[in-house]
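The figures that follow rest on heavy atoms only: side chains count, while hydrogens, waters and symmetry mates do not. Not measured: the values here are computed from a predicted model.
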Amino acid sequence: MNSKIRDESVDKLFEAILLLENIEECYRFFEDIGTISEIKALAQRLEVAKMLEQKKTYTEICEKTGASTATISRVNRCLNYGADGYKMIFEKLEKKKAGEEGSNA
């Protein structure tokens, strides 16, 4: 895959992230590596993408997430013309959720 962000240092960052084993480890690592604002911005974008996939309006998304219309527009552009990263992760999350619900039945 040809990515605009691909380089050796980003590879090392992603390798480090892939070594995290649970949410607690994620909190510890991301608190050290990023600011609260950066982490909250990433979380907000994921929530915006989820709401766009659910066909929510920009107004609904703004009200629920506090995201600007510029952020919503950028996320929407990624959903439509990006690397399908959001789509991939939503499918994985859905599969995980279905597996957990199946094991709880």
Side-chain angles (χ1 to χ4, degrees):
M1 175 186 172
N2 188 12
S3 173
K4 297 173 194 149
I5 62 170
R6 184 177 293 257
D7 68 23
E8 188 177 337
S9 63
V10 175
D11 283 352
K12 287 179 182 172
L13 170 65
F14 291 161
E15 286 172 14
I17 291 168
L18 288 169
L19 292 173
L20 299 170
E21 295 181 14
N22 55 49
I23 288 180
E24 182 59 34
E25 287 186 2
C26 287
Y27 272 103
R28 290 173 59 192
F29 178 70
F30 280 93
E31 268 189 51
D32 284 352
I33 201 165
T35 65
I36 292 169
S37 297
E38 290 167 336
I39 296 162
K40 294 275 189 182
L42 294 172
Q44 182 188 64
R45 289 179 192 163
L46 186 62
E47 184 65 19
V48 166
K50 186 171 90 177
M51 293 181 75
L52 285 167
E53 286 284 293
Q54 296 168 343
K55 307 296 184 206
K56 303 290 185 192
T57 66
Y58 275 36
T59 303
E60 290 173 301
I61 297 168
C62 282
E63 288 172 1
K64 178 149 193 295
T65 67
S68 68
T69 54
T71 295
I72 298 168
S73 181
R74 181 189 180 286
V75 171
N76 195 41
R77 200 167 40 253
C78 289
L79 283 170
N80 291 312
Y81 306 108
D84 287 333
Y86 285 119
K87 180 181 177 186
M88 175 194 64
I89 205 64
F90 290 145
E91 287 172 358
K92 287 178 179 271
L93 287 168
E94 198 57 42
K95 194 176 196 180
K96 180 179 187 273
K97 183 181 173 187
E100 289 171 356
E101 288 173 358
S103 66
N104 291 334

Under 3.5 Å, side-chain donor or acceptor atoms of residues 41-56 against the rest of the protein: list the pairs with distances, not counting sequence neighbours.
{"residue": "Gln44", "atom": "NE2", "partner": "Thr65", "partner atom": "O", "Å": "3.1"}
{"residue": "Glu47", "atom": "OE2", "partner": "Lys64", "partner atom": "NZ", "Å": "3.2"}

Could you tell me whether the side chain of Ile61 reaches within less than 4.5 Å of the side chain of Thr69, counting heavy atoms only?
no

Value rounded to 0.5 Å, distance of CD1 in Ile39 from OH in Tyr27
9.5 Å

NZ/NE/NH1/NH2 to OD/OE distance under 4.0 Å, Lys95 and Glu91:
no

Rounding to 0.5 Å, atoms CG (Asp11) and OG (Ser3) come to a distance of 9.5 Å

If I compare all heavy atoms of Ala67 with all of Cys62, which pair ends up nearest, and what's the gap?
O-SG, 3.3 Å

Salt-bridge present (Glu24, Arg28; N to O < 4.0 Å):
no

When clusters are formed by joining ILVMFWY residues with side-chain heavy atoms under 4.5 Å apart, either directly or through shared neighbours, do Ile89 and Ile17 land in the same one?
no

Mark yes or no for whether Glu38, through its side chain, and Thr35, through its backbone, hold a donor-acceptor pair below 3.5 Å.
yes

Heavy-atom neighbours of Leu19 CG exceed 12 at 6.0 Å
yes

Between the side chain of Glu100 and the main-chain N/O of Lys97, is any donor-acceptor distance below 3.5 Å?
no

Atom pair CZ (Phe30) and CD (Glu25), whose distance is rounded to the nearest 0.5 Å:
11.5 Å

Roughly how far, to the nearest 0.5 Å, is OG of Ser68 from CZ of Arg74?
11.0 Å

Can any side-chain N or O of Asp84 pair as donor or acceptor with the backbone N or O of Lys87 at less than 3.5 Å?
no

In terms of heavy-atom contacts, Ser73 and Tyr58 come closest through CA-OH, 3.4 Å

Give a yes or no on whether Ile5 and Ile33 share a hydrophobic cluster (residues Ile, Leu, Val, Met, Phe, Trp, Tyr; joining criterion: side-chain heavy atoms under 4.5 Å apart).
yes

I'd like to know whether CD1 of Ile23 has more than 12 heavy-atom contacts from other residues, nucleotides or ligands below 6.0 angstrom.
no

Short question: side chain of Asn80, backbone of Asn76 - any donor-acceptor pair under 3.5 Å?
yes

